[in-house]
Every structure is written in C-alpha cells, then in structure tokens.
Amino acid sequence: MKRTDYCGDLREGDAGREVTLLGWVQRRRDLGGLIFVEMRDRQGIVQVVFNSEVDPEVHEKAQSLRSEYVIGVKGKVVLRPKGTANPKLGTGEIEVIATSLKILNLSKTPPFLIEDEEEVAENTRLKYRYLDLRKPRLQQNLILRHRVAREVRNYFDRLGFLEIETPMLTKSTPEGARDFLVPSRLTPGHFYALPQSPQLFKQILMISGFDRYFQIVRCFRDEDLRSDRQPEFTQIDVEMSFVKVEDIQRTMEGLMVHIFRQVLGVELEAPFPSMTYEEAMDRYGVDKPDIRFGMELRDVTEALRHSPFHVFKEAIETKGAIKAINVKGGGVFSRKEVDDLTHFVQNFGAKGLLSAKIVQNEWQSSIRKFITEEERKAIDGILDAGENDLLLFVAGPGGVVNQSLANLRLHLGAKLGLIPEDQYRFVWIVDFPLLEYDEKEGRFVAVHHPFTAPKDEDLEKLREHPELVRAKAYDLVLNGSEIGGGSIRNHLEEVQSLVFEKLGMGEEEARERFGFLLEALEYGTPPHGGIAFGFDRLIMILSHSESIRDVIAFPKTQKGTCLMTEAPSRVDSKQLDELWIKLKEMKA
RNA sequence: GGGGGCGUAGUUCAGCUGGUUAGAACGCCGGCCUGUCACGCCGGAGGUCGCGAGUUCGAUCCUCGUCGCUCCCGCCA
C-alpha cells in the first residue's frame, strides 16, 4: 500500500477521490453493523467508516481494531450525511468509506491516551516518549521547530551567511558554566569538553575571513535544570565581521521579522525598541523585562531617607534600597493573599513585604504610624496611588529588592490577567556593565563573556575603574524571556589582554587558556561581533509551551536523566580501563 | 547544596480524627447495537497504597529515612 494522502489533510474538495491512508487507530466507535474509526497521522485525524452493508468482509476485519494499531485503509472520500459533520475536526466535513483494510501492526494498549488534553505524570510521559510524541501538540511543536530552523537557514543564506560546523570535542574553558567532560583514550589523563557555545571558533572563523557565519548548533552546560533549561540545548549562533552593534541588531531583527512572517504569519514592527541595562533594572528590576504590562517598580528610597522606621532605616544605612509597586485595584486582596505575596518574595531573599491599601485617600497599613504625612504624600505621588490601590514595598540590599519585586510583578501580572498573551514585545537591552565584582571569587568576572569589547568612550576607565565600564553587549528580550545575547568582540590584542588582566588572569594563565586566540588576534583580526539565540526558548514562545521539554524530541529530566534510554548508565570496567579512569569508592 | 508540591487500579484522582471487604471516572476485556464522534446499554477483570524502618492492638493515613517526577533559590547567558 502506498499513501496517497495524509489523514489530516483531507477536505471537502477531496470528496469523490479514492485515497489510501496509512496511520494509527486513534479511537474506534463500534455501533454493530457500522464502525467508525478515527485514524491519525502527523497531519491530523480523519473518520473512516466500515459499513457491513458496503463490504461485510472489511467490516468484520475492522472489529478487531484497537487503539494504536497501525493500519492502511483504501476508500472513497465522501461528504458526510447532513447533520453529521464534526466541526471539531479539520476533516469534519468528510469521511472515508473503507473498501480495503490492512492491519500493518498490532499495539499493546498504551499506558495513556494519545490526546493533548490528557494530563499524564511526567515520568510516564518520558518513559514512553515515543507515545507522548504521537500527541498532536508535540508533533506540531516539532514541526514548528523544523520550520523555524528552515527559515533561519533561508534567511541567512539569502544574506550571504555560511553555516560552518565547529567541534563538539573541544577544550575546557573554566569561565562560565561547568563543562561536560569527555575522557581522551589516546591522551591518557586528558579530557575534551563539550562546547558551552562555539564562541571562540566563530571568532577564529572571522579571523579566517569567513565574514558572515551562522550555525544551528548544540551546546552543553553541566548546570542544574529549570523548566526552560536543559543540559544540552540548541543555539542559533551568529558572527559577523566589520560591524557595529546596530548592524547586528538590524540583522537579527530581520531574522525575527522573517521567522514570524513565514512561520506564524505575524508582522512584527522593526526596529525593536532599546533600553539600557540601567533603565531596565530601575524600572523592572531585571535585565529581561516583560514590557507587555505596567506595574513598574518605583524607587522610594529618597522619600524615606529620614524615616525612623527600623526596616527602612536599616536598608538605607546599609546602602540598600526601598522600592515599591502599585497594584491597581489591589485593595480587594485579602489578608491571606497579601501574606502569600510575602511568602513569595521571601523566596528571593526579601525579609518581608510591607503593604498599604489606599482607603478614602488614606493608608490602611501596619506601617502607617511610622510614616509622616509628608512621606505618605511623596510616595503616593511617586506611585501614582489612587483609591483601592495596593502598594507593596520591599526594603533591603538593592539586588534582593529588585529580584523580589521583579518576580512579584510577574506573579501579580499573571494572577491578575494583565499580560496580553497574544502580543510579541521585543526589546533590546544594551549598555551592560563589562565586569562585575564577584565577592566569593574575590575578583571581577565578565558579565557577558571575557571576549566582549568595552564601549569606546569607557575604554579609559578600564584600568582605574573597571566596574564603571560598559560593554558593547546586547540582549534581545521577548515577552520577559531572554532569547538572545551577544556583543562586539575585542579584535585588538592589547585590549583583550587588558580585560584578561582585569579578570585576575595573569599573562601566563591567559596564554595557557586562550593562547590560540590571543595569538590569532595578532594576525590581522577584523573588527567583529555576533550573537547567539536560544533556539529552544524561541520555539517555546512561538508554540506557547510552558516547558522546554515540550519543544525537544528527547529531553532529560530535572536530574539530567533520560527515562526512555536510562542514560546516564554505568559502563563496564573494560571501557574505563581504556580511558585510564578509576572510579572513587561510592556508597552502594 | 537548600525550599515547596506530587507519588493509591493502565491513566487521572477521591479516601473523614488511624479502624472490618481501599472507591470513582476514563481506559481495558466480553456481549448487544447502522450515523457515531467523550457513541450508548448490559456484564466483568484489574491494587506491593513508590520503597524501607518506626509508633500503635491496628498505618494508604502519624514519624523518620530513602527513591522518582516537578517548580523555585543557589548555579547557569
């Protein structure tokens, strides 16, 4: 049997055609002399009719059909009798009258129904991933993923970019995330690392003169998982020569416009707005603001500068901050709801959450007695407080205040339905600090990565005040999710060496780790820069998925295991011997 | 490393203050049924209550440990 059509593709226009379908039994409705079988393939579902009066032999065979049997059906497409159309199916206007049935394979009863709505425990889904992947939603997600990848390649190809592969077995780079290591058999005691990104290779390609590079590439980071993080993930990696920040931004905006138009049929407005890191932190408390709704953070530190209230006083004396959000109409929140919000911010290190309801132009609040009339009016002004609003304050170290309120804002935005789910709001975040001081390490670390160039006007400060230097770095944020980030790189060896020095890396150490790059920089390196996009996260947003596992065919659990293959697994001692590896004693 | 949630039939869940035979729905099996589409009707099977200790006359329920899945913090661009 050869397929003539996919089940889900058939429409009214196909009425009268003889078709051959290959697929799975979704559901069987046996009415006795008449059997309806919903038949499924990757395009969708169509109803097949087995009628004992049309063909008793085929009808009898159909009685043995069960869920997930693999079948081939020959039959005639007909319009359904009046009043029996099913508006829930794309194929609902027609059905296929079967004239021939071939059972290609049987199936055990599946452990769960192959339906989108069926909510099944994650471990069951992952163990039977091949069944879970039969669900229409996951099939659509992977089809969408394919289409986006295809359009990425079309777009870059048209602009003269070359897709060039880079090694999976490469050198460990201690900066950044933990590496996955691969032992070398031929060089005992030595290890490759799987790439966290092709960062250095794409810069080398620029030095080689390839000018415009991109790659859809797998990357690996051995860090703990989240709902949007897997240990292996995919990036759209890009690097260009002879460009400034704006050139890369416009190129990537073009990519987004192209993808959204080709894949979703959505027209985006470009160029995208831009916001400095400083402004983002000030107004939203994060470097990846969701600008689809308001409820912005407001700084009330100055208004409370002379407050005797110990919570405020301590925050100010320790050079912290006091910020607040105004939940419009939040006066209706119950005591318990506000308590829950307090617990919520404590997840982010806040000691507590202070609240005030506006009732008849007055504060209803446990802290009212510590607030002067003047302070109250100032704060009402800053927060644009009105009747029945709920003001929420967090005081403490600046980072904690921002993180608490940023997350609280998102939490409340979702809870109150303030986020328009159908909007795509992009924003560039620019002017990131180049370096930040790491208390634990006792040295400066790169905010982006160590190859990022300082802004020209800040270059002077690099020696004396490295903390004030801003970088030629940019992140692209979509609906509160960081989908891409990049920078202009250091193409001058002396600048790169100086950055390494500021990172506390001696010349010798820098030579050992990145000597090949420093050396390459001395052989005519063009100015260059690039960006990397989180491909999985982009697909998550485009498919409205809540978990990254729903956009990856074979994802890992939160502990990094694959429940289908049962990786990782022990290996036999012969394999270890060849790799010169001896395991430490472990508790059974 | 830390905090939260979940774990009972194939699946999703209920199970009172610890008490006799652990329930429901869907699914599954058998029978009937020619316009169903969550088909309907009749009948039936199906349980190591994640695992291990402890408390108790008695544990699905309480305590401790452990395993698995998940969300978050730390970590991670």
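Only heavy atoms go into these numbers, but all of them, side chains included; no hydrogens, no water, no symmetry mates. Computed from a predicted model, the values in this text were never measured in an experiment. Residue numbering restarts at 1 for every chain, and letters A, B, ... go by the order of the sequence lines.
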Between [N] ([atom2]) and [X] ([atom1]): distance, integer Å:
X: A:F112; N: B:G10; atom1: CZ; atom2: C1'; value: 11 Å
X: A:L126; N: B:G7; atom1: CG; atom2: P; value: 19 Å
X: A:Q26; N: B:C39; atom1: CD; atom2: P; value: 10 Å
X: A:N347; N: B:G5; atom1: CG; atom2: P; value: 12 Å
X: A:N86; N: B:G35; atom1: CG; atom2: C1'; value: 12 Å
X: A:F220; N: B:A77; atom1: CZ; atom2: C1'; value: 17 Å

Ranking B:U70, B:C75, B:U36 by distance to the side chain of A:R549, first place goes to B:U70
For B:G35, which nucleotide is its Watson-Crick or G-U wobble mate, given both distances must be under 3.5 Å?
none
Taking any strand in view, what nucleotide pairs with B:C57 in a Watson-Crick or G-U wobble way, both distances under 3.5 Å?
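Answer to the pairing question: B:G19, which forms a Watson-Crick or G-U pair with B:C57.
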Rounded to the nearest 0.5 Å, what separation is found between the OG1 atom of A:T557 and the CD atom of A:Q230?
8.5 Å
Do you know which two heavy atoms are closest between A:V400 and A:A350, and how far apart they sit?
CG1-N, 3.5 Å
Looking at [X], does any N or O in its side chain come under 4.0 Å of the phosphate oxygens OP1/OP2 on [N]?
X: A:Q403; N: B:G74; answer: yes
X: A:K88; N: B:A38; answer: yes
X: A:T124; N: B:C69; answer: no
X: A:R226; N: B:C73; answer: yes
X: A:Q196; N: B:C76; answer: no
X: A:R29; N: B:U36; answer: no

Out of A:Q249, A:H448, A:M252, which residue meets the side-chain contact (heavy atoms from CB on, under 4.5 Å) rule with A:Y474?
A:Q249
Provide the distance between the two C1' atoms, one in B:A22 and one in B:U60, to the nearest whole Å.
8 Å
Could you tell me which residues satisfy salt bridge (charged side-chain N to carboxylate O under 4.0 Å, His left out) with A:K74, sequence neighbours excluded, listed by chain and number?
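Once residues adjacent in sequence are excluded, A:K74 has no partner under the salt bridge (charged side-chain N to carboxylate O under 4.0 Å, His left out) criterion.
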Compare the ring of A:F36 with the six-membered ring in the base of B:U36 and state whether they stack (centres under 5.5 Å, planes under 30°).
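Stacked: centres under 5.5 Å apart, planes under 30°.
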Indicate yes or no: does A:D475 engage A:K288 in a salt bridge with an N to O separation below 4.0 Å.
no
What does nucleotides 24-33 of chain B look like as a protein-contact string, B for base, S for sugar-phosphate only, - for none, at under 4.0 angstrom between heavy atoms?
----SSS--B
